[in-house]
Amino acid sequence: QSALTQPRSVSGSPGQSVTISCTGTSSDVGGYKYVSWYQQLHPGKAPKLMIYDDTKRPSGVPDRFSGSKSGNTASLTISGLQADDEADYYCCSYAGSYAWVFGGGTKLTV
Amino acid sequence: EVQLVESGGGLVQPGGSLRLSCAASGFTFSSYWMSWVRQAPGKGLEWVANIKQDGSEKSYVDSVKGRFTISRDNGENSLYLQMNSLRAEDTAVYFCVRDIASRAYGSSPGYWGQGTLVTVSS
């Protein structure tokens, strides 16, 4: 049950694109099509689902947010950065045996 | 509209017990895996426990095995987390979470409650 590996921080200017990586193993990220991504604007407050099933976007989430995966590494790309995208972002993966594992979180600065 | 409302948090001494509850509405509770996820102050999200639709399967993060018990009452649309032998490192906001879809196993956290704060301190 080791946490997934995310960069601690990323940054970009308004209008640019950034990509946040999430690296696991063949037992979690690489083994299932169940990677999800969350935006948390304020620590201790409920995160918001941005991407699920590796690449799907819930209704209401802008298409500036996209998910992808290659092998044991999943990625969240945010294009056309806006100031209100500044937040903490977490990945999560199904890890077998009815368990989940989260990444350590990435602070995005715009 | 999916609603998840947690209650039961508070201040407890090390070694003590606490029972968290989550009242669910706006969906067919018995059709979804349910979970608890926590966030310690200044730290990231940590999955705590999952429970299957009928309660027949449960899974826990290693750090709470033997101390925490997840359960549910489908007749009352409620989820619970019984926490025993609490430690300072259990201090966190605890979120009640519903799976993104009705599936054979809990695939992804989809809907989140607002959380309830548990503080373990003497």
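Hydrogens, waters and symmetry mates play no part in the numbers below; they use all other heavy atoms, side chains included. Predicted model only: the values in this text are computed from it and were never measured. Proteins get letters first, then strands, A, B, ... in listed order; numbering begins at 1 in each.
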Q.
When you measure from the centre of the six-membered ring of B:Tyr94, is the NZ or CZ of B:Arg38 closer than 6.0 Å and no more than 45° off the axis?
A. no
Q.
For a side-chain contact (heavy atoms from CB on, under 4.5 Å) check, start with the C-alpha distance between B:Val2 and B:Arg98, then their side-chain angles and the critical distance, and finish with the verdict.
A. CA-CA 9 Å; B:Val2 173; B:Arg98 196 205 85 174; 3.7 Å; yes
**Q.** Interface moiety of A:Pro58 toward chain B, non-hydrogen atoms closer than 4.5 Å
**A.** neither
Q: Please state whether the side chain, the backbone, both or neither of B:Pro41 comes within less than 4.5 Å of a heavy atom of chain A.
A: neither
Q) Got a sec, which residues hit salt bridge (Lys or Arg N to Asp or Glu O under 4.0 Å) with A:Lys69, two or more places apart in sequence or on another chain? A) A:Asp54
**Q.** Pairing of B:Arg87 and B:Asp90 as salt bridge, 4.0 angstrom limit
**A.** no
(Q) Quick check on B:Lys43 against chain A: is it the side chain, the backbone, both or neither that has a heavy atom closer than 4.5 Å? (A) backbone
**Q.** Side-chain heavy atoms of A:Lys48 within contact of A:Met50, under 4.5 Å
**A.** yes
**Q.** Part of B:Val48 lying under 4.5 Å from any heavy atom of chain A
**A.** neither
Q) So, do A:Asn72 and A:Ser26 sit near enough that their side-chain heavy atoms are less than 4.5 Å apart? A) yes
Q | Between B:Trp33, B:Trp47, B:Phe95, the one whose heavy-atom pairs under 4.5 Å with chain A are most numerous | A | B:Trp47
Q) Can you check side-chain contact (heavy atoms from CB on, under 4.5 Å) on A:Asp63 and A:Arg57, steps first, answer last? A) CA-CA 8 Å; A:Asp63 59 7; A:Arg57 206 170 34 248; 3.5 Å; yes
Q) In terms of heavy-atom pairs under 4.5 Å, which option from A:Pro47, A:Ser97, A:Cys92 contacts chain B the most? A) A:Pro47
Q.
For a side-chain contact (heavy atoms from CB on, under 4.5 Å) check, start with the C-alpha distance between A:Val29 and A:Thr23, then their side-chain angles and the critical distance, and finish with the verdict.
A. CA-CA 7 Å; A:Val29 173; A:Thr23 301; over 6 Å; no
Q) With respect to chain A, which residue among B:Ala49, B:Gly44, B:Ser107 yields the maximal number of heavy-atom pairs within a distance under 4.5 Å? A) B:Ser107
Q. At their closest point, which heavy atom of A:Gln6 faces which heavy atom of A:Gly105, and how far apart are they?
A. OE1-N, 3.2 Å
Q: Among B:Pro109, B:Ala40, B:Ser63, single out the residue with the greatest number of heavy-atom pairs under 4.5 Å to chain A.
A: B:Pro109
Q: Could you tell me which portion of B:Tyr111 (side chain, backbone, both or neither) has an atom closer than 4.5 angstrom to a non-hydrogen atom of chain A?
A: neither
Q | Proximal component of A:Tyr52, with respect to chain B [non-hydrogen, under 4.5 Å] | A | side chain
Q | Which portion of B:Gln114 sits near chain A, non-hydrogen atoms under 4.5 angstrom | A | both
Q: Sort out for me which of A:Pro43, A:Ser93, A:Ala99 touches chain B most, counting heavy-atom pairs under 4.5 Å.
A: A:Ala99
Q. For B:Ile100, is it the side chain, the backbone, both or neither that has a heavy atom under 4.5 Å from a heavy atom of chain A?
A. side chain
